[in-house]
Amino acid sequence: MGGKVGIDRVRNIGLMAHIDAGKTTVTERILFFTGKTRKIGEVHEGAATMDWMAQERERGITITSAATTTYWRDHRVNIIDTPGHVDFTAEVERSLRVLDGAVALFCAVGGVEPQSETVWHQAERYRVPRIAFVNKMDRTGADFDGVVAEIRKELGANAVPVVIPIGAEADFQGLVDLVDMKAIYYDEAPEGAVIREEEIPAEMLNRAKEARALMIEKASELDDSLMEKFLNDELPGREELVAAIRKATIAGRFIPVLCGAAFKNKGVRRLLDAIVDYLPSPVDLPPVIGTLREENEEIIRCPKDDAPLAALAFKVQADKHIGKLTYVRVYSGVLRVGDTVLNSTRGKTQRIGRLFEMHANHREPVEALYAGDVGAVVGLGDTRTGDTICSREHPIVLESIDFPAPVIGVAVEPVTRADRDKLSAALARLAEEDPTFTVRSDDETGEVVISGMGELHLDIILDRLRREFNVAVKSDRPQVAYRETILSAVDHEYRHVKQTGGRGQYAHMVFRISPNKPGGGFQFEDEITGGKISREYIRAIERGILDEMAKGPYAGFPMVDIKVTVYDGSMHEVDSSEQAFRTCGKMGFREACKKAGMSLLEPMMSVEVTVPEDYTGAVTGSLAAKRGRIVSMDRKGNAAVLRALVPLAEMFGYASELRNITSGRGGFTMQFEHYEAVPYTLAEEIVASRKE
């Protein structure tokens, strides 16, 4: 089935999990059983439908979130398959922002793994209702009850099984549906598509009754009539029970847990039923809230086709054939081909060229996207991730998407002159696609530095530059941009006199230089009285000082945090000129700096590391080894949050190091704080290397 369905029968869901939990495999099975694909694509064969990038197929991982639309039980299900690797956290972040519900996958052997915690907490931040699916029940070491207990303990979630497995490991045969109290067996037929429903085996009946009683008890906590029946030992009807579980799930108070073995096609159809039965439609959630740019007043948009248009662009993708593809979630109103819409974030009107329903990298053209739909648009040239698309008559700005700042950078340079022009265009397109990827040119070193979330992230970017954009590049580690400053305050007098044939040069100034507070920058003060030096010559002195500060006398790095006060001097009515005073400012300042003593400064980064408490000692030790100073230590839930000041020069490669010392469970953010003096012995080494 395809086409328009009622908004109450739309499900916008995402699959989220730790790497290797089987997200892409589950999605492939969903597409097969809903009739979207005729053949199942396997990740290990590099043929998964949703992993369509060359880099994804080679590495067997998901890098970019892919969207697809399919149908089950007359419901439209929009699915976003998100990456599990920590470097691609932005893809998860932007997906969760536009999803109504999520399926959290857990490996029956691995249980709650580090990245499962990260994505779970991201989903909590966006208040996304979830159901859990314990996958790989056929693997050696599979432990359904153990994983459910771990979800409760590690994630603090009210995880309640709505099915229990029949057997495990090689003996995994099927499951008991606790809502219908039926045993479901899967025949090992080709494609595993044959299901048999039977009575629950006698040896499992008591366990099934206990599990069902727990499920009813937990579901009735938000449903008074069901609670009354539970207390009176009355059995609820199927519809009443499903409605109660749905209500509790949408409220975030109940996590239905299912299980299966997606690779063997077991449990996937029950998962699809649960998506339809328990996860919310757009109308089950609070209406979206936005603001007016100027007035900052709140505006509410209800998920209706006849409401004014409000949509959020959550992903931008470069496409070789049709140009720029913008993924949007429509919250209210209808987006139609040919419409002129307003990008209220940037204040620009744009025309909708074409609209698509997405199926990974395949597109099906449609005439309109309705409230609740997820699709892609061609024609939004000026739109970026997080921008709001709305009707011109009813402007609204929806809350944008927050992305973590990039934490690691490498310098890149084109191999040939022909690659130079292609490089800047390619980097601009990649930065447009990925908000956690930034590009900057370092004027001091002449390098182009690209920054991202980790080594793998930048590896993929470099790989895409070579393959998709045919740009040959070399990459290196970026150089740290050091600074210079003075150590003490001095008074100095400088006279610039040059007499050659004809008109000479004369400039004379008496001034004081002193260190400014860290981050205070350059401050210039004029205390000349009685017109001893004219106003334009004072400006020339300042320009001369700035010339010298651009390339300091210690090691050739720019100078910062200095205060200069000119308080006396003289000029000659014939030989003085702006050029003479500019030279006087430059040379006099250089002499004064050497007299005051100089030091080299390095950028200090404010680093915030979040780790489970067990790893606090290891992280503290690693930061101390990097000349870091711990500023504070707090607790957030069951995690420790360490804040430290660490020199940037020591932070290269820290993403990998932190991952290693915390078994992947630690995360960190880093931003520039201020410049601080480099220890003398280290400074001398840096100065010596500059002079070689």
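The shortest non-hydrogen separation linking Val397 to Ser344 is CG2-OG, 3.7 Å. Nearest heavy-atom pair, Met559 versus Gly552, reported as atom, atom and distance to 0.1 Å: CG-CA, 3.7 Å. The two residues Phe668 and Ala655 make their nearest non-hydrogen contact at CE2-CA, 3.7 Å. In terms of heavy atoms, Tyr654 sits closest to Ser622 at OH-OG, 3.7 Å. Heavy atoms only, all atoms of each residue included: Val366 and Val337 are closest at O-CG2, 3.6 Å. Heavy-atom minimum distance, Val678 versus Ala683: CG1-N, 3.7 Å.
Judged by distance alone, the side chain of Asn343 and the main-chain N or O of Thr345 form a donor-acceptor pair under 3.5 Å. Side-chain atoms of Arg329 come within 3.5 Å of backbone N or O of Val98 as a donor-acceptor pair. Here the side chain of Thr349 pairs no donor or acceptor atom with the backbone of Leu342 at under 3.5 angstrom. When atom types are taken as modelled, the side chain of Lys626 and the backbone of Glu650 share a donor-acceptor pair closer than 3.5 angstrom. Listed for the Glu484 side chain is no donor-acceptor partner under 3.5 Å among the backbone atoms of Ser599. Within the 3.5 Å criterion, the main-chain N or O of Leu398 finds a donor-acceptor partner in the side chain of Thr388.
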Determine, step by step, whether Phe522 and Asn516 satisfy the side-chain contact (heavy atoms from CB on, under 4.5 Å) criterion, reporting the C-alpha distance in whole Å, the side-chain angles of both residues, the deciding distance to 0.1 Å, and the verdict. CA-CA 8 Å; Phe522 172 61; Asn516 209 347; over 6 Å; no
Ile686 vs Phe557, test: side-chain contact (heavy atoms from CB on, under 4.5 Å). Steps then yes/no. CA-CA 11 Å; Ile686 294 164; Phe557 291 111; 4.2 Å; yes
Report the C-alpha distance between Met605 and Leu645 in whole Å, list the side-chain angles of each, state the deciding distance to 0.1 Å, and finish with yes or no for side-chain contact (heavy atoms from CB on, under 4.5 Å). CA-CA 6 Å; Met605 309 304 284; Leu645 281 174; over 6 Å; no
side-chain contact (heavy atoms from CB on, under 4.5 Å) between Met598 and Leu487: does it pass, once the steps are laid out? CA-CA 5 Å; Met598 298 199 65; Leu487 290 170; 5.8 Å; no
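Salt-bridge formation is not detected for the pair Asp561/Lys517: no Lys NZ or Arg NE/NH1/NH2 atom is positioned less than 4.0 Å from an Asp or Glu carboxylate oxygen. A salt bridge is defined here as a Lys NZ or Arg NE, NH1 or NH2 lying under 4.0 Å from an Asp or Glu carboxylate O, and Arg543 with Glu548 fails to meet this definition. The pair Lys348-Asp382 meets the salt-bridge criterion, since a charged nitrogen lies less than 4.0 angstrom from a carboxylate oxygen. Ionic pairing of Glu676 and Arg483 is not present here: no N-O contact between side-chain nitrogen and carboxylate oxygen is shorter than 4.0 angstrom. We find that Asp547 and Arg582 are joined by a salt bridge, their nearest charged nitrogen and carboxylate oxygen being less than 4.0 Å apart.
No side-chain N or O of Gln350 forms a donor-acceptor pair with one of Thr340 less than 3.5 Å apart. For Asn78 and Thr69, the side-chain atoms include at least one donor-acceptor pair closer than 3.5 Å.
Under the 4.5 Å side-chain criterion, counting only non-hydrogen atoms from C-beta, Val619 is in contact with Thr662. The shortest side-chain heavy-atom distance between Ile661 and Tyr615 does not fall under the 4.5 Å cut-off. Counting only heavy atoms from C-beta outward, the side chains of Val377 and Leu325 never approach each other to under 4.5 Å. In this structure, the side chains of Arg346 and Asp387 come closer than 4.5 Å at one or more pairs of heavy atoms. You'll find the side chain of Val439 stays beyond 4.5 Å of the side chain of Val449, heavy atoms only. The closest side-chain heavy-atom distance from Tyr554 to Leu600 is below 4.5 Å. Within the 4.5 Å cutoff, side-chain heavy atoms of Arg466 are placed close to those of Val473.
The 12-atom threshold is not exceeded at CZ of Arg420, counting heavy atoms of other residues, nucleotides or ligands nearer than 6.0 Å.
Residues satisfying the salt bridge (charged side-chain N to carboxylate O under 4.0 Å, His left out) criterion with Glu413, sequence neighbours excluded, are absent altogether. Scanning for salt bridge (charged side-chain N to carboxylate O under 4.0 Å, His left out) contacts around Arg384 gives Glu432, with sequence neighbours left out. With sequence neighbours excluded, no residue forms a salt bridge (charged side-chain N to carboxylate O under 4.0 Å, His left out) with Glu685.
Between Phe106 and Trp120, the ring-plane angle classifies as tilted under the 30° and 60° cut-offs.
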